[in-house]
Amino acid sequence: MQNEMTEKNNSELPNHVGIIMDGNGRWAENLGLMRSAGHLAGVKTLKQIIKTAVNINLKTLTVYAFSTENWKRPHTEVDFLMHLFSEYLEKEKRELNEKNVKIHFIGRINELPQSLISQAHDAEEMMKKNTGLKFNVATNYGGQDEIVRATKKIAEKILNGELKIDEIDAKIFESQLDTVGDPPIDLLIRTGGDLRISNFMLWQSAYSEFWFTETNFPEFTPEEFLKALKDFSKRDRRFGNVKTSQTKG
């Protein structure tokens, strides 16, 4: 199937795919393992998904790594996740760079542990000139929080006389989002069985196609990822319009 997707016309591939990587903990608990084992398995899955995205020339991939609400989890799990993020960057940044991936961290990055902030900045700096897959990692991210932060930036510009209220439009607003310069999300994938978007990319997913799967993220294979992309290529996307063929007669 990967060869089939590679040969597809670029117009049939989504420009931007978002993934809510859910079900790591449940996967581990179902096997009688610690939740941390699920997060470790999830990292291995993510590595394969990135490899597939690179191979099919996907333009932008955004993953939901840690939400603003995830701080409510047990301290031991949060500490493990922070350590896992750090370990992932240390191990994978060179390979990502070799694959021409451009990594970008979005969310309240400045509230993460200082060592992790430094690692994130170093990885971004290393890959800033790369022209392949744009890989956004949403860490300490929330869609509502992003919109509030963007609104505050715009309000500050108005107070400073840099912007007039009448000049505010969708383009101005998007210029203050964490994903400035990226296309909107065409396809939003959620693993783990839940049918909600959990405060992820609220603005960017306004016209997203959704693809939900019962598969927990550690078992989300490249084949299932490609299946979602193939399903997307068959969707009838109207963006609020009516197809001309439907109005005839």
Side-chain angles (χ1 to χ4, degrees), residues 16-25 27-28 34-55 58-71 73-143 145-146 149 177-182 185 189 191 200-201 204 216-218 220 222 225:
H16 189 172
V17 176
I19 304 180
I20 301 175
M21 306 181 293
D22 197 20
N24 290 330
W27 175 84
M34 299 285 289
R35 288 178 61 86
S36 57
H39 296 307
L40 283 169
V43 167
K44 293 180 180 179
T45 296
L46 177 58
K47 185 173 181 178
Q48 293 303 311
I49 297 302
I50 293 172
K51 180 179 179 181
T52 303
V54 169
N55 288 342
L58 188 68
K59 292 181 179 178
T60 308
L61 174 67
T62 300
V63 298
Y64 208 3
F66 191 86
S67 76
T68 50
E69 291 76 32
N70 285 158
W71 295 107
R73 294 186 177 188
H75 291 305
T76 52
E77 183 172 356
V78 171
D79 289 345
F80 178 82
L81 285 170
M82 293 300 117
H83 174 75
L84 185 60
F85 294 157
S86 176
E87 190 176 69
Y88 173 83
L89 280 176
E90 187 62 31
K91 288 183 177 180
E92 303 297 330
K93 63 182 180 181
R94 290 177 182 82
E95 184 174 343
L96 290 172
N97 190 42
E98 289 171 1
K99 292 182 182 295
N100 198 27
V101 173
K102 183 176 183 178
I103 198 169
H104 179 52
F105 292 84
I106 63 174
R108 290 181 172 268
I109 305 303
N110 62 328
E111 295 176 0
L112 297 174
Q114 186 58 51
S115 59
L116 186 53
I117 295 173
S118 297
Q119 282 185 290
H121 288 164
D122 288 346
E124 288 181 332
E125 182 67 19
M126 173 187 285
M127 302 177 222
K128 68 179 182 180
K129 294 183 180 179
N130 290 349
T131 58
L133 174 72
K134 174 75 176 298
F135 177 42
N136 295 321
V137 185
T139 311
N140 195 21
Y141 172 87
D145 177 73
E146 181 186 26
R149 286 188 285 110
L177 295 174
D178 296 345
T179 54
V180 57
D182 293 340
I185 290 183
I189 298 170
T191 63
F200 179 61
M201 296 278 151
Q204 298 89 336
N216 289 319
F217 191 67
F220 185 64
F225 178 54

Under 3.5 Å donor-acceptor, E92 side chain and K47 backbone: no
Closest non-hydrogen atom pair between E90 and R94, with its separation: O-NH1, 3.7 Å
Between N70 and S67 (side chain of the first, backbone of the second, donor and acceptor by atom type, cut-off under 3.5 Å), is there such a pair? yes
What pair of heavy atoms forms the shortest contact from G23 to P218, and how long is it? O-CD, 4.0 Å
Steps toward side chain to side chain contact (heavy atoms under 4.5 Å, CB included) verdict (H16, T62): CA-CA 8 Å; H16 189 172; T62 300; 2.7 Å; yes
After noting the C-alpha distance and the side-chain angles of Y141 and Y64, does the key distance pass the side chain to side chain contact (heavy atoms under 4.5 Å, CB included) rule? CA-CA 8 Å; Y141 172 87; Y64 208 3; 3.8 Å; yes
Are the side chains of L96 and Y88 in touch, meaning some heavy atoms are under 4.5 Å apart? yes
Heavy-atom pair with the smallest gap, counting every atom of G38 and A28: N-CB, 3.5 Å
Nearest 0.5 angstrom please: D145 CG to T68 OG1, how far? 6.0 Å
Validation row: L133, K99 side chains within 4.5 angstrom (heavy atoms): no
From CH2 (W71) to CD (E111), nearest 0.5 Å: 8.0 Å
Residues at least two apart in sequence or cross-chain that pass salt bridge (charged side-chain N to carboxylate O under 4.0 Å, His left out) with R73, listed by chain then number, are E77
Can you check whether S86's main-chain N or O pairs, donor with acceptor, with Q119's side chain at less than 3.5 Å? yes
For the residue pair T52 and P222, what are the closest heavy atoms and their distance? OG1-CB, 3.3 Å
Between F220 and D22, is there a side-chain heavy-atom distance shorter than 4.5 Å? no
Check I103 against E124 and note the closest heavy-atom contact, atom names and distance. O-CG, 3.6 Å
Would you confirm whether N140, through its side chain, and G107, through its main-chain N or O, come within 3.5 Å as a donor-acceptor pair? no
Are N100 and T131 linked by a side-chain donor-acceptor pair shorter than 3.5 Å? yes
Close side-chain approach of F66 to M82, heavy-atom, < 4.5 Å: yes
Going through the checks in order, is the side chain to side chain contact (heavy atoms under 4.5 Å, CB included) test met by V137 and F85? CA-CA 10 Å; V137 185; F85 294 157; over 6 Å; no
Ion pair present between E125 and K128, side-chain N to carboxylate O less than 4.0 angstrom? yes
Side-chain touch F135/N130, heavy atoms, less than 4.5 angstrom: no
List the steps and the verdict of side chain to side chain contact (heavy atoms under 4.5 Å, CB included) for I106 and M201. CA-CA 11 Å; I106 63 174; M201 296 278 151; 3.2 Å; yes
Looking at every heavy atom in both N24 and F217, which two are closest together, and how far apart are they? OD1-CB, 3.5 Å
Beyond-backbone contact of E146 with T179, side-chain heavy atoms, under 4.5 angstrom: yes
Does any part of the side chain of L116, heavy atoms only, come nearer than 4.5 Å to the side chain of L89, both counted from C-beta? yes
Taking the side chain as C-beta and beyond, is there a heavy-atom pair between K93 and M127 under 4.5 Å? yes
So how far is it from I185 CD1 to L61 CG, rounded to the nearest 0.5 Å? 9.5 Å
